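Structure first, then comments.
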2 protein chains.
Amino acid sequence: MKSMGKPTINDVARLAGVSKKTVSRVINRSPLLNGETRAKVEKVIADIGYVPNVQARALALRRNFLVGLIHDNPNAQMVMNVQAGILEAIRDTEFELIVRPIDRGSSTMLADVKNFLERQRLYGVLILPPVSENDMLAEVCREIGCRYVRMGSTTLDTPEHMVASNDSEVVREAINHLISLGHTRIGLIAGPHGFRSARERRKGFEEAVAAAGIKLPRSLIADGNYTFETGLAAADRLLDLSPRPTAIFASNDEMAAASLHAARRRGMNVPDDLSIIGFDDTAIASHIWPPMTTVHWPIISMARSAALKLLADFFGDDLASEEPSMFPSTLIHRASVAPPRRD
Amino acid sequence: MKSMGKPTINDVARLAGVSKKTVSRVINRSPLLNGETRAKVEKVIADIGYVPNVQARALALRRNFLVGLIHDNPNAQMVMNVQAGILEAIRDTEFELIVRPIDRGSSTMLADVKNFLERQRLYGVLILPPVSENDMLAEVCREIGCRYVRMGSTTLDTPEHMVASNDSEVVREAINHLISLGHTRIGLIAGPHGFRSARERRKGFEEAVAAAGIKLPRSLIADGNYTFETGLAAADRLLDLSPRPTAIFASNDEMAAASLHAARRRGMNVPDDLSIIGFDDTAIASHIWPPMTTVHWPIISMARSAALKLLADFFGDDLASEEPSMFPSTLIHRASVAPPRRD
DNA sequence: TTGTATGCGTTATCAC
DNA sequence: GTGATAACGCATACAA
């Protein structure tokens with residue numbers, strides 16, 4: 001009896017009276033296999049509790065059954081949501097999730113990622129914004145032959161490599177809502193330059209304002225960095241203006257929460273003295289007081305779908321490859337918006 | 001020239017005129033090696049850009065260079081913080097992080113984890129609360145021979161397998177602070193039964209109240225589940241009481257934020273009508289208005305330290321094994337606490 | 001449909 | 001100190 005330790009494919013083959021290759025075929029669901037043989041092998045596998053060795057398999061296949069998540073410090077809640085979506089997609093499969101944060105400013109970023117992908121030989125990677133907007137990164141994946149799917153705020157790649165939302169459109173809708181309520185002095189807290197999502201959201205804002213024939217002084221646009229602190233500074237700049245804006249659209253929830261914070265710090269009332277709309281619909285939006293009107297960004301669904309796309313040829317194309325590539329965001333009405341106060 | 005694709009250990013051996021094993025010794029820093037031979041091999045490695053194949057290595061060593069994170073749905077911010085801490089510890093090493101959420105109610109949980117560990121052959125795993133409190137899980141790790149470090153709110157294991165905080169102690173301090181301000185009707189929103197952290201925090205609360213000679217009607221303790229929604233319900237129950245509590249200690253920030261939400265929904269003012277203290281010091285605590293007094297739980301440091309402990313024998317014991325096992329939490333004073341209003 | 005021989009790239013054994 | 005050879009456990013090519 002050589003069956004020390006964990007049973008291997010050899011043990012199964014010996015006990016079932018077949019060759020290793022046959023066992024291998026059973027495991028990999030080869031279609032051309034006698035039903036009886038298959039049943040016999042499967043019984044042995046179940047009996048002795050055989051589990052294929054992933055390392056050996058990875059070596060032979062030159063490929064791991066790991067899904068990578070590449071991201072560059074967007075906010076915590078978003079990364080968690082994405083992870084939740086991916087994990088939902090790979091639940092009950094043999095895939096596992098490996099997390100890889102990178103430093104988008106770093107000059108060695110591309111080389112780092114390349115190194116990472118070559119070393120780990122992942123089955124595929126999901127790339128989050130904002131790094132997902134970097135075309136060279138996608139090019140690296142293609143070069144190496146690593147599957148990839150990018151997430152973003154607008155279409156960046158072909159459908160099988162992309163899952164996107166329609167940010168500019170939904171922001172237009174949000175701003176129109178403010179305008180229809182009577183707001184004309186609306187401030188924008190923009191996201192960081194270079195972020196496609198920031199550009200798209202700003203574009204939607206500017207288009208809506210322009211379409212309504214409202215002229216937009218440059219001072220009503222304050223730059224933020226998607227963080228609470230920069231949001232606070234931007235909101236303060238906006239609220240120092242005279243006349244003050246009666247509404248603020250912040251390019252993400254953190255900065256929107258910061259606007260609320262800044263307003264209340266000055267003793268202002270939301271929404272009576274100031275209406276606020278955020279973007280993302282993260283937990284904080286519904287947890288703060290008053291509950292905040294915001295754009296629901298279907299990040300979990302997007303991530304799940306992206307993961308399914310990534311695994312399309314594993315699942316056999318039928319389902320996964322038909323995953324949608326566009327996920328419309330929607331405006332969620334809560335309590336941080338009201339008509340402007342009559343002066 | 002057989003050097004297609006990526007260079008292997010064979011290429012290095014051939015070019016350097018030595019055997020594979022010698023190259024292997026260089027890679028693994030074997031002490032018994034001629035300095036000249038080593039230099040020669042290292043030059044070739046650098047010249048052709050050889051990188052060891054992790055899959056082959058994993059197969060031969062029966063062990064991967066992966067660190068696992070096992071957790072069961074604590075809040076998002078906490079998981080992200082832990083990931084940040086781990087990633088900080090393994091930055092610039094060959095280790096990668098693999099994330100594994102599990103279902104603590106599931107009857108197959110232990111088997112699932114065992115399966116996961118046996119399949120992936122991780123270098124080690126970090127276990128987050130509340131599952132970290134499950135001794136059988138640790139036993140599974142030991143059985144399999146997988147390194148592990150548990151995180152928790154009190155000592156659960158030997159120092160090399162444990163990183164803990166002193167929850168009951170710091171909660172006592174927090175409650176004493178309320179009492180010193182003149183509060184005598186203090187409500188507790190407890191965490192879920194079965195969570196050690198919940199028990200520790202409740203213990204600290206009860207001890208402080210008892211020590212001050214305050215009698216604690218059962219009605220002043222409301223059960224929550226560490227989620228915003230259950231916090232909301234618990235806070236409502238507390239605020240429906242007559243007389244109302246003048247202060248609430250919530251066992252985590254989410255429930256504390258919910259208490260603030262509930263109070264403001266009734267038109268109450270925080271801290272004038274109600275003082276609130278939370279636990280964790282997650283982002284929401286400082287982002288909401290008023291900024292919330294809470295207990296800072298040094299989760300990132302704990303996670304980093306836990307990861308270093310896990311990698312202790314890889315790094316060579318000197319540094320990592322001296323990582324502290326106890327991380328004291330501290331009370332952060334912000335604006336959600338004030339003396340009780342005179343009736 | 002099934003079996004045989006061989007490769008994947010590393011580490012371990014045990015000689016020299 | 002160093003090298004030949006055998007694991008490690010699975011998949012692929014090609015035969016049968």
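These figures come from a predicted structure and were not determined experimentally. Here is the naming used below: chain letters follow the sequence lines, and residue numbers restart at 1 for every chain.
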Going by salt bridge (Lys or Arg N to Asp or Glu O under 4.0 Å), name the residues that satisfy it together with [X], two or more places apart in sequence or in a different chain.
X      : value
A:E143 : A:K114
B:E139 : B:R142
B:E96  : A:R100

Between A:T22 and C:dG3, is there a contact of a side-chain N or O with OP1 or OP2 at under 4.0 Å?
yes
Does C:dT1 have OP1 or OP2 under 4.0 Å away from a side-chain N or O of A:T37?
no
Restricting to side-chain contact (heavy atoms from CB on, under 4.5 Å), what partner residues turn up for [X], sequence neighbours left out?
X      : value
B:H161 : B:Y148, B:D157, B:T158
B:D135 : B:R150
A:V54  : B:R119, B:Q120

Solution key, residues 30-40 of chain B side-chain donor-acceptor pairs under 3.5 Å, sequence neighbours excluded:
{"unit_1": "B:N34", "atom_1": "OD1", "unit_2": "B:E36", "atom_2": "N", "d": "2.7"}
{"unit_1": "B:R38", "atom_1": "NH2", "unit_2": "B:S30", "atom_2": "O", "d": "2.9"}

Would you mind reading off the distance between A:E36 atom CD and C:dT2 atom C1', rounded to a whole angstrom?
14 Å
Where protein sits on nucleotides 9-16 of chain D, one letter per nucleotide: B base, S sugar-phosphate only, - none, heavy atoms under 4.0 Å
BBBB----
What ring pair (Phe, Tyr, Trp, His ring centres under 6.0 Å) pairs are there with at least one residue in residues 6-42 of chain B, not counting sequence neighbours?
none
Selection residues 76-101 of chain A - residue pairs positive for ring pair (Phe, Tyr, Trp, His ring centres under 6.0 Å), sequence neighbours left out:
A:F65-A:F95, A:F95-A:Y123, A:F95-A:F314
Among residues 39-49 of chain A, which ones have heavy-atom contacts with DNA chain D below 4.0 Å?
none
When you compare the side chains of B:N28 and B:R57, does any donor N or O come within less than 3.5 Å of an acceptor on the partner?
yes
How sharply is the helix from C:dT1-D:dA16 to C:dC16-D:dG1 bent, taking the axes over five pairs at either end and rounding to 10 degrees?
30°
